[in-house]
Amino acid sequence: MTDTSSAPAENHVFEADVARLLTLMVHSVYSERDVFLRELISNAADACEKLRYEAIAEPALLGDDPQAQITLIADPEGGTLSVVDNGIGMSRNELTEALGTIARSGTKAFLERVAAQGGDNGLDGDRLIGQFGIGFYSAFMVAGRVDVFSRRAGSEEAWRWSSDGSGSYEIAPAALEDAPARGTRVVLTLKDDAKSFAERATVERIVKAQSGHVPVPILIAEKPDAEAEPVTDGSALWAKPKTEITPEDYADFYRGLSGQYDEPALTVHFRAEGRHEYSALAFVPGARPFDLFDPDRKGRVKLYVKRVFITDDAELLPRYLRFVRGLVDTADLPLNVSREMIQESPILAAIRKGLTNRILTALEKLAESEPDTFAAVWRDFGGVLKEGIYEDFERQEQLLGLARFRTTETGAEWRALKDYVAAMKDTQQAIYFLAGDDLERLRTSPQLEGFRARGLEVLLLSDPVDSFWAATAQGFEGKPFRSVTQGAADLADIPRLDAEKDQDAAPEADPATATLIAFAKTVLEDAVCDVRASERLTESAVCLVAPEGGPDRQLERILKGAGQAGEAAKPVLEINPRHALVKALAAASADAALREDAVRLLYDEALILDGERVSDARGFSERLARVLHQALGGA
Ligand code: ADP
Ligand code: MG
């Protein structure tokens with residue numbers, strides 16, 4: 001046994017991010033400060049679950065105190081509120097590690113967001129605190145000083161961590177009688193305007209409202225030495241029959257589990273019976289978490305075995321459902337299940353499949369019964385769900401069915417593929433799409449003109465993932481996907497809406513047009529692989545498209561950006577033979593030099609319309625100057 005109680009206290013400066021977060025908390029005027037208690041209770045419950053898990057391998061850790069519990073001690077005379085657990089506790093190193101740094105990626109993202117929205121002056125921070133849990137440090141919204149006494153399970157040492165939230169904390173050995181025999185006691189010395197949190201009635205009301213479904217029983221004692229009385233029983237919500245659970249119960253449980261403060265958009269709760277038995281409770285959040293696109297972000301579905309928390313690392317859902325929060329509890333695995341077993345277990349593979357199916361089916365039902373709620377889910381998580389279209393081949397058609405799109409026919413509304421297909425023209429062979437990175441620019445793309453003129457709807461795809469799935473997907477209801485910037489447009493069979501315009505003699509057959517095209521081919525030989533008369537243009541003079549077979553224009557750009565394109569395929573330049581400028585050029589008796597300048601300028605115009613840069617900026621400006629000069633009557 002080491003005697004540490006004579007060692008001196010040490011002072012430590014907080015990591016810069018923690019200091020910033022603390023400043024926000026200390027100066028917070030957030031009106032719903034109650035949330036600090038949920039954070040402390042959730043940490044206490046986590047600590048109890050960790051102990052239960054470690055005790056599977058080392059039962060002695062439980063000693064003569066096997067029943068996990070959380071005790072709140074409200075002391076109005078002392079002006080303090082304490083949160084005590086008999087969980088795993090923290091060693092000295094764990095205290096500095098856990099309470100001196102920020103490990104949560106969500107919290108880092110939170111700070112970035114506060115900074116992006118105009119600084120640390122409180123207001124924006126306050127609004128954001130309301131949306132997202134920010135953990136232990138939220139205690140400083142109500143406390144002027146926080147003392148944490150902790151003794152790790154199995155250890156003979158106890159430690160005290162203290163801070164007033166202003167830049168540094170102190171760590172010192174604690175007398176064993178000041179710390180719980182095992183676990184942690186967090187003592188909040190409340191600020192003057194927060195003394196009501198030392199009243200039993202207030203604390204009880206908050207616990208019932210926020211933490212009624214924490215899976216560890218919670219007790220409250222009035223005064224340090226009074227008998228504690230139970231407030232919640234710690235029974236597992238997911239094990240109760242659905243008929244006994246209210247929507248508020250679910251929402252409360254979801255908030256505790258996710259650390260988010262919104263309402264779930266969708267709740268999926270079921271018990272699977274038969275070959276594998278398990279309960280699952282999963283939620284689609286009602287708001288997008290900060291770290292949704294964080295590449296390190298893993299799934300957030302916890303694995304329990306017979307009500308004992310095992311891990312949140314079991315990857316119980318495919319990556320494209322990584323926004324779902326929830327848990328699975330099964331009796332089919334042993335309690336001491338190892339990491340390797342988790343990875344290879346056929347039972348978990350079956351659970352993964354079952355859970356994925358149930359969530360997708362529930363999303364389908366939601367889309368039918370509450371289209372507005374579903375639209376919000378799609379807005380927040382559609383970009384992630386779409387990854388499944390190419391990652392999960394088996395469910396491709398189902399995911400395409402869930403997908404919603406902006407199209408040339410919609411404004412802010414979303415369109416489902418089945419509605420697109422139902423509205424297809426008789427002669428239309430494919431589902432057309434245009435991919436790019438900016439929706440507004442897509443809407444004005446020249447490549448769309450011929451499709452619009454024929455009343456053909458085109459999907460406007462502006463998420464980076466779109467180019468990938470659209471290039472590989474098999475199609476939907478038997479109709480293939482086709483990029484409007486790729487290959488020949490095949491529009492000849494589909495009449496234009498304003499039919500007369502089609503009557504004028506096909507100018508592509510005009511020998512003058514053919515000569516112009518042949519001339520353009522020689523001039524632009526190095527830049528394009530072909531020049532041809534366009535079926536897709538009606539108003540603009542030119543546009544670029546990808547040759548048949550290769551990646552479409554947007555995918556090509558993305559691959560190039562990622563350094564993954566091999567030899568970049570040269571595009572095809574399409575010329576609109578009906579355009580006045582093109583007609584004039586074709587008929588021109590103009591000199592060859594002007595014609596060449598015009599052809600090169602048209603090519604650069606096509607690049608600009610595609611959101612790219614002109615090929616040779618200096619040559620471009622010289623040509624433009626020459627042509628303008630001539631147009632203005634210069635010699
Ligand atoms: P999070 O709970 O998301 O990890 P917090 O800021 O709430 O973030 O807590 C930070 C860390 O402090 C926890 O991960 C845990 O390691 C440690 N901790 C906090 N409270 C306790 C407690 N009562 N018992 C044991 N460890 C705790
Ligand atoms: Mg926490």
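Hydrogens, waters and symmetry mates play no part in the numbers below; they use all other heavy atoms, side chains included. Whatever order the structure lists ligands and atoms in, that order sets their numbers, starting from 1.
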Query raised in the report: Salt bridge between Arg322 and Glu315, side-chain N to carboxylate O under 4.0 Å?
Result: no
**Report entry** Side chain, backbone, both or neither: Val83 near ligand 1, heavy atoms under 4.0 Å
**Finding:** neither
Query raised in the report: Are any side-chain N or O atoms of Lys195 and backbone N or O atoms of Leu190, one a donor and one an acceptor, separated by less than 3.5 Å?
Result: yes
Requested in this report: Answer yes or no: does an N/O atom from Asn43 fall short of 3.5 Å to an N/O atom of ligand 1?
Outcome: yes
Query raised in the report: Where the closest heavy atom to atom 23 (N) of ligand 1 is concerned, which of Val186, Asp85, Thr101 has it?
Result: Asp85
Report task. Below 4.0 angstrom from a heavy atom of Gly135, which ligand 1 atoms are there? Numbered from 1 as shown, please. Result -> 5 (P), 6 (O), 7 (O)
Query raised in the report: In terms of atom number and element, which parts of ligand 1 are under 4.0 angstrom from non-hydrogen atoms of Ala47?
Result: 24 (N), 25 (C)
Requested in this report: Of the side chain and backbone of Leu40, name the one, both, or neither that has a heavy atom under 4.0 Å from an atom of ligand 1.
Outcome: neither
Query raised in the report: Any sub-3.5 Å donor-acceptor pair from Arg325's side-chain atoms to Phe283's backbone N or O?
Result: no
Report summary line: Under 4.0 Å from one or more heavy atoms of Leu99, ligand 1 contributes atoms 12 (O)
Query raised in the report: Taking Arg358 for the side chain and Lys353 for the main chain, is one N or O donor matched with an acceptor at less than 3.5 Å?
Result: no
**Report entry** Residue-ligand contact Glu39/ligand 1, heavy atom below 4.0 Å
**Finding:** no
Requested in this report: Flag Phe136 as yes when one of its N or O atoms lies below 3.5 Å from any N or O atom of ligand 1, and as no otherwise.
Outcome: yes
Query raised in the report: Do Arg152 and Glu94 meet the salt-bridge criterion of a basic N to acidic O distance under 4.0 Å?
Result: yes
Query raised in the report: Within less than 2.8 Å of the Mg ion (ligand 2), any N, O or S from Ser42?
Result: no
**Report entry** Salt bridge Asp392-Arg395, side-chain N to carboxylate O under 4.0 Å
**Finding:** yes
Requested in this report: Mind checking whether Met90 contacts ligand 1 via backbone (N, CA, C, O), side chain (CB onward), both or neither, at a 4.0 Å heavy-atom cut-off?
Outcome: side chain
Report summary line: Correct closest heavy-atom pair for Ser138 and Met25 would be CA-SD, 3.8 Å
Requested in this report: Using a strict cut-off of less than 4.0 Å between a Lys/Arg side-chain nitrogen and an Asp/Glu carboxylate oxygen, indicate whether Arg92 and Glu10 qualify as a salt bridge.
Outcome: yes
